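Before any comments, here is the structure.
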Number of protein chains: 2
Amino acid sequence: MASITEENYLKALFNLSNNQGEASISDLANQLGVSMPTANSMVKTLQKQGLCKYEKYKPVVLTEQGKKAAALIIRKHRLTEMFLVNKMGFGWEEVHEIAEQVEHIHAPKFFERMDEMMGFPTVDPHGSPIPDKQGRIQELHLKSLSEAAPGQEAVIAALSDSSAEFLAYLNSRQLSLGTELKILSKESFDQSMTVAYGEKERESLSQKVCEKLLIRIFD
Amino acid sequence: MASITEENYLKALFNLSNNQGEASISDLANQLGVSMPTANSMVKTLQKQGLCKYEKYKPVVLTEQGKKAAALIIRKHRLTEMFLVNKMGFGWEEVHEIAEQVEHIHAPKFFERMDEMMGFPTVDPHGSPIPDKQGRIQELHLKSLSEAAPGQEAVIAALSDSSAEFLAYLNSRQLSLGTELKILSKESFDQSMTVAYGEKERESLSQKVCEKLLIRIFD
DNA sequence: ATATTTTGTTAGATTATTCTAACAAATTTG
DNA sequence: CAAATTTGTTAGAATAATCTAACAAAATAT
Ligand SMILES: [Mn+2]
Ligand SMILES: [Mn+2]
Ligand SMILES: [Mn+2]
Ligand SMILES: [Mn+2]
């Protein structure tokens, strides 16, 4: 069974591969806050266990086994986040740190019971999909708000950044998953967008923010 | 901050001291399933941190700091067990192993929220007291059933053994916390007792069982 | 009061996870 | 392309947690 340390490496490799297409040793080291030699040596350890493939100076690639293991940890993480928000009353900005620890608990029944109590949710509080028990992840082909055009209406479905800082920003603007946006205009100078939602008639969102809001456009 | 390993040693020392009055190296090693040299060296490590006092060939004694640290871990353990039973529908025989892992999570809000949701319980699902936030434990001066006399009536308030095996035995006899017992007779030959409770008119309980049932006698 | 058994200690080794320093390969820049 | 920079590797060491083997002290039983 993988140690907590190994589990965190697997998750980091999985996320890096998904977000950047590949995982370099330096990215991995950065992500985990360890030195490159440390990451290098752990990658060799994971390879010996058949969890990743690795050749000197090449990017690290998870095996199918490694991907599944990572997805199952992410499943526990996201179920936990959803449980904390839906059943325990936490805010979406408070749950990541707790889930980062709870995801390492070995107790299938614990997570199955959470899943059941919530009616088998498919996404976490930040809109990210929850892998199923086989480690399969459903693709949510969402666009970012910056790809939408003035005149369109859309609903916020997920975030590409779930940092506490970004979540705090969204909270301060009453933006949350499910918020319906009308796109009024887009400034070609800085790509910022003016939108209406809820009580707000005109709110300006910077390009940075627009890129991080993942939306479903109304037909 | 104490590691998971250190936390488990603190808990073991605390429990041994409470149950046997003192904690020897061999008891500690046994309790944790490690060799004596391992226990010996960890005790030295804990002493360096001011968590216990230790002199060669003498029993290990927790300091006030060590006692408090242990009690706070036990608090998390027992709150978790209660949460699993009361809020997640687990049986009292299923929760110890899960709590053994959850007790090491560092997230005060998580446990405070559990506590709140349950209305600040004072005992766990096996009747053991939950230490308060300062690490103080309320003494429940309970007698065991074997100390009671025929003719008396009593209610099961706690257990001095919460092993899965004993809990399974109690489940099979419909015995649980809160069960009211009428003591019909006591066999002087083997100290077994005949009792009535619920639908049962006459059930015989061995001395072993009677000793493990902690009761409050009706006045 | 010896002898035996149990308990505890020391020494030395192992595995996991991490680091820094030094060097080497790959990539980017001018 | 050559120089500079970034990225990756190796070597060597440190700390935490564990073990076994050997020995020593304490407790128990003749
Ligand atoms: Mn998260
Ligand atoms: Mn984690
Ligand atoms: Mn327990
Ligand atoms: Mn534990």
Side-chain angles (χ1 to χ4, degrees), chain A residues 1-13 15-17 19-62 66 69-70 73 100-101 103-106, chain B residues 1-17 19-62 66 69-70 73 100-101 103-104 106:
Chain A
M1 202 138 359
S3 67
I4 292 179
T5 304
E6 289 168 335
E7 291 192 345
N8 284 333
Y9 276 85
L10 284 176
K11 239 183 16 146
L13 286 170
N15 288 330
L16 285 168
S17 301
N19 300 338
Q20 334 204 308
E22 56 178 45
S24 67
I25 294 286
S26 71
D27 287 344
L28 183 59
N30 256 305
Q31 184 93 128
L32 291 163
V34 298
S35 67
M36 280 198 290
T38 299
N40 182 277
S41 103
M42 180 55 82
V43 161
K44 289 175 183 169
T45 303
L46 295 175
Q47 189 186 32
K48 275 180 207 133
Q49 294 171 67
L51 295 164
C52 71
K53 225 161 273 168
Y54 158 72
E55 285 174 81
K56 271 194 190 179
Y57 301 107
K58 297 245 205 78
V60 188
V61 184
L62 286 177
I73 299 159
E100 202 58 49
Q101 298 177 65
E103 70 190 359
H104 303 293
I105 288 175
H106 294 295
Chain B
M1 202 143 351
S3 66
I4 292 179
T5 304
E6 289 169 336
E7 290 191 346
N8 285 332
Y9 276 86
L10 284 175
K11 239 182 17 147
L13 285 170
F14 187 93
N15 288 330
L16 285 167
S17 301
N19 300 338
Q20 335 205 312
E22 58 178 43
S24 66
I25 294 285
S26 72
D27 287 345
L28 183 59
N30 257 305
Q31 185 93 130
L32 292 163
V34 298
S35 67
M36 280 197 290
T38 299
N40 182 276
S41 103
M42 180 55 82
V43 162
K44 289 176 184 169
T45 302
L46 295 175
Q47 190 186 31
K48 276 180 208 135
Q49 294 171 66
L51 295 164
C52 72
K53 225 161 274 168
Y54 158 74
E55 284 174 82
K56 272 192 190 183
Y57 302 106
K58 297 245 204 77
V60 188
V61 184
L62 285 177
I73 300 159
E100 202 57 51
Q101 299 177 63
E103 70 190 358
H104 303 293
H106 294 295

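Lettering follows sequence order; numbering is per chain, from 1. Given the structure is predicted, the values throughout are model-derived calculations rather than measurements.
- For Y57(B), the side-chain hydrogen bond (donor to acceptor under 3.5 Å, both in side chains) criterion is met by no residue, not counting sequence neighbours.
- In the set dA25(C), dT17(C), dT9(C), the nucleotide with an atom closest to the side chain of I25(B) is dT9(C).
- Residue S24(B) has its side chain nearest to dG8(C) when only dG8(C), dA17(D), dA25(C) are considered.
- Atoms CG (L28(B)) and P (dG8(C)) sit 10 Å apart, rounded to a whole Å.
- Nearest approach of Q31(A) to A12(A), heavy atoms of both residues: CG-CB, 3.8 Å.
- Rounded to a whole Å, the CD atom of E22(A) is 15 Å from the P atom of dA26(C).
- Within residues 40-52 of chain B, the residues having any heavy atom closer than 4.0 Å to DNA chain D are, in order of number, S41(B), M42(B).
- The interatomic distance linking N30(B) (CG) with dT18(D) (P) rounds to 15 Å, in whole Å.
- Within the structure, a side-chain polar atom (N or O) of Y9(B) is placed less than 4.0 Å from OP1 or OP2 of dT18(D).
- For K53(A), there are no side-chain hydrogen bond (donor to acceptor under 3.5 Å, both in side chains) partners, not counting sequence neighbours.
- Every residue two or more places apart in sequence or in another chain that forms a side chain to side chain contact (heavy atoms under 4.5 Å, CB included) with E6(A) is listed here: A2(A), S3(A), M42(A), T45(A), L46(A), Q49(A).
- Residues satisfying the side chain to side chain contact (heavy atoms under 4.5 Å, CB included) test with K58(A), not counting sequence neighbours, are E55(A).
- Applying the 4.0 Å criterion to OP1 and OP2 of dT9(D), one finds that Y54(A) has a side-chain N or O inside that range.
- Put simply, the side chain of Y9(A) reaches to within 4.5 Å of the side chain of V34(A), judged on heavy atoms.
- Put simply, CD on E55(A) is 14 Å from C1' on dG8(D), counting in whole angstrom units.
- One can place CD of E6(A) at 8 Å from P of dA16(C), the figure rounded to the nearest angstrom.
- Remark: S26(B) engages S24(B), M36(B) in a side chain to side chain contact (heavy atoms under 4.5 Å, CB included) (not counting sequence neighbours).
- Of all heavy-atom pairs between L10(A) and A70(A), the closest is O-CB, 3.7 Å.
- Straight-line distance from the CG atom of D27(B) to the C1' atom of dG8(C): 12 Å, rounded to whole Å.
- Residues that satisfy the side-chain hydrogen bond (donor to acceptor under 3.5 Å, both in side chains) test with E100(B), not counting sequence neighbours, are K11(B), H96(B).
- For D27(A) (side chain) and A23(A) (main-chain N/O), no donor-acceptor pair under 3.5 Å exists by modelled atom type.
- T38(B) meets the side-chain hydrogen bond (donor to acceptor under 3.5 Å, both in side chains) test with S35(B); sequence neighbours excluded.
- Atom pair K58(A):NZ and dT27(C):C1' shows a separation of 16 Å (rounding to whole Å applied).
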Quick one: which protein N/O atoms are closer than 3.5 Å to N/O atoms of nucleotides 1-5 of chain C? Pair and distance per line, please.
none

Between the protein and nucleotides 19-23 of chain C, list every N/O to N/O distance that falls short of 3.5 Å.
residue	atom	partner	partner atom	Å
dC19(C)	OP2	S35(A)	N	3.0
dC19(C)	OP2	S35(A)	OG	3.1
dC19(C)	OP2	T38(A)	OG1	2.5

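- Judged as a salt bridge (charged side-chain N to carboxylate O under 4.0 Å, His left out), and not counting sequence neighbours, E7(A) has no contacts.
- Atom OH in Y57(A) sits roughly 5 Å away from atom C1' in dA25(C) (whole-Å rounding).
- The side chain of K56(B) approaches dT10(C) more closely than any other nucleotide in the set dT18(C), dG8(C), dT10(C).
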